[in-house]
Amino acid sequence: MSRLFLGLDSSTQSLSAVIIDLDSGKVVAEEGINFAEDLPQYGTDHGVLTNDDPRVAHAPPLMWAEALDLLFARLRDADAPLGDVLAVSGSGQQHGSVYLNATIPAKLENLNPSRTLVENLAGAFSRATSPIWMDSSTTEECQEIMDAMGGATAVAEATGSVAFERFTGPQIRKFFKTDATGYADTAHIALVSSFMASIMGAGLAPIDHGDGAGMNMMDITAREWSDEALDATAPGLAAKLLGPVPSWTITGAVSSYFVKKYGLSATALNVVWSGDNPNSLIGLGLIEPGYVAISLGTSDTFFGTMQACRVDPRGEGHVFVSPTGDYMSLICFKNGSLARERVRDAYGLDWPAFVAAGFDRPVGNNGAVLLPYFEPEIVPKVLEPGVRRFDLDETDVPDNCRAVVEAQMLSMRLHSRWMQVAPTRIYATGGASKNPLILRIMTDVHQCPVYGLKVANSAALGASLRAAHAYLTHTSDTPPLWHDIVDPFVQLDASKVVRPDRNTAKVYDNLLEKYAACEREVAG
Ligand code: ADP
Ligand code: XUL
């Protein structure tokens, strides 16, 4: 038997697909479209439209639709087993929003396979471009929403996060304030995820709980739109939204457009999409509280599953809903690889030399602390960039290499305390997760085993696993177990696990106190 499921991932720079075989635990097909390279006519730089105002970041939603046509054509031309797929779901970059007029439902229901998606959807937008997560132009609107709702903490307690510039509510408010006619013409506001799910399912698809939590509009515990938040955002907003619904909701069969044109089965089910972080949580197998991922990319992110809804009192972290129905936390540290690279480059080193230098110093580096705010930092909030050293001389190369990594790992430990989840295993992913110095310091600072994970496209994989879970929930009498679905796809290489040296615990407990004091001095 082989039961196949398709997962799509509409990210900032690309649209990708994986088809998994649930029974063999294998990925059987994979394709991708790069927006800037494959769709240059949209004029984006890495998927984002350039703007004179550096705070503004928008993307053309028709580009995402056209990418869907290109991707399915590639899958079909590569003889991917589209006809055997039982259910489809997807992942969208979080927070981005699509503004549609009253013509959209009819257009979705009548997608004509002899025309392209772009031709089919032309004229359906009340706003030509979509603000995405990189946009930081809504500071004023964030303040207005927080004022209307009784302050930052009140917004965080109600919606899971304080008002953030990139979150959808402040973005909607800005649109309402700057283009009242466009806002009035908007019959429906979708997220990137629900827009793509709407195309796949031939009708407006609801927003799911996971992505809904990234809007500053959903009551995080009731999992309903918060009337208070909607009122603080823009008038008449409830009528323009669909959902929020559990992440395993099936909207119906997939659109006949994809059946006739690309060979999907007419009985394949369309499952609501979610955000990229909730999908990655599943793609990395983070389904138990205490399993945490540290993704070491351009920025570093720290995320994991939580059973209780706990909101960060300092307003630095986010609470989303996990696709399992639990909660998930996410903290984003901007100076991740960026800072490590800057230190490495300052001393003219390559990565092996950086690693050797760091290992040359003792655990705890005799109390040296380096605060690596090469760029403004999100956590802790530091608006004015600057590097600060305590008991550390800039000319001591090995000390600086070790200090930057120790500071970053201590920062993660300090700023994740609010979750009240002691990690029992850490999955390290991203470009820097092959660095042995970073893994050693990570395991010792957190006193927790670290597994290096090689999951290429965790968001698309997570979407395919969510499609499988929704399908099984829908078709079987007994609810499926997430472990049964996820475990075969998350390969832990036991020989590569890095285990903490218990003798280092005390050193890092002490250094954490010192680190926190240094941080307080700089970040307040
Ligand atoms: P993103 O998804 O943000 O594009 P990646 O997960 O691809 O990022 O990671 C890219 C980063 O990985 C680069 O910024 C680079 O500095 C870092 N990196 C690559 N190799 C190493 C290494 N051996 N040690 C530390 N960092 C590394
Ligand atoms: C999360 C966030 C990004 C986007 C794009 O809050 O803004 O991770 O989801 O990847």
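Just so you know, ligand 1 is whichever comes first in the structure, and atom 1 is the first atom listed for that ligand.
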Checking heavy-atom distances from atom 14 (O) of ligand 1 to each of Arg342, Gln13, Glu341, the winner is Glu341

Specify the protein heavy atom at minimum distance from atom 21 (C) of ligand 1: its residue, its atom name, and the distance to 0.1 Å. Trp351 NE1, 3.4 Å

Contacts of type side-chain hydrogen bond (donor to acceptor under 3.5 Å, both in side chains), residue Ser130, not counting sequence neighbours: none

For Gly430, atoms of ligand 1 separated by under 4.0 Å from a heavy atom: 6 (O)

Options Pro352, Ser11, Ala432, ranked by nearest heavy atom to atom 26 (N) of ligand 1, top entry: Ala432

To check you understand the geometry: which heavy-atom pair defines the closest contact between Val421 and Gly290, and what is its length? CG1-N, 3.3 Å

Under 3.5 Å, is there a donor on one side chain and an acceptor on the other for Asp135 and Gln171? yes

Quick check against the 3.5 Å criterion: does Thr138 have a side-chain atom that pairs as donor or acceptor with the backbone of Glu141? no

Ion pair present between Asp38 and Arg74, side-chain N to carboxylate O less than 4.0 angstrom? yes

Is the terminal nitrogen or CZ of Arg310 (NZ for Lys, CZ for Arg) located under 6.0 angstrom from the six-membered ring centre of Tyr327 and within 45° of that ring's axis? no

Tell me whether atom 2 (O) of ligand 1 lies less than 4.0 Å from at least one protein heavy-atom position. no

Atom 5 (C) of ligand 2 - nearest protein heavy atom and its distance: Asp276 OD2, 3.2 Å

Are the charged groups of Glu144 and Lys177 less than 4.0 angstrom apart, N to O? yes

Ligand-side contact atoms (ligand 2) for residue partner Gln94, heavy atom cut-off under 4.0 Å: 4 (C), 9 (O)

Gly297 heavy atoms, cut-off 4.0 Å: which ligand 1 atoms fall inside? 3 (O), 5 (P), 6 (O), 8 (O), 9 (O)

Could you tell me the residue and atom name of the protein heavy atom closest to atom 17 (C) of ligand 1, and the distance to it rounded to 0.1 Å? Ser337 OG, 3.7 Å

Exam field: side chain Thr443 to backbone Val498, donor-acceptor pair closer than 3.5 Å: yes

Has ligand 1 got any nitrogen or oxygen that is less than 3.5 angstrom from a nitrogen or oxygen of Asn435? yes

Ligand 1 contact by Arg340, heavy-atom criterion under 4.0 angstrom: no

Distance-only side-chain donor-acceptor flag, Asn400 / Arg389, under 3.5 Å: yes

Nearest-contact summary for atom 4 (O) of ligand 1 - protein heavy atom, Å: Thr298 OG1, 3.6 Å

What are the atoms of ligand 2, with element, lying closer than 4.0 Å to any heavy atom of Arg166? 1 (C), 2 (C), 6 (O), 7 (O)

Atom indices of ligand 2, in the order listed, that fall short of 4.0 Å to a heavy atom of His95: 1 (C), 2 (C), 6 (O), 7 (O)

Polar proximity ligand 1 side, Gly431 side, N/O cut 3.5 Å exclusive: yes

Side chain, backbone, both or neither: which part of Asn277 has a heavy atom under 4.0 Å from ligand 2? side chain

Under the side-chain hydrogen bond (donor to acceptor under 3.5 Å, both in side chains) test, residues paired with Thr129 that sit two or more places apart: His58

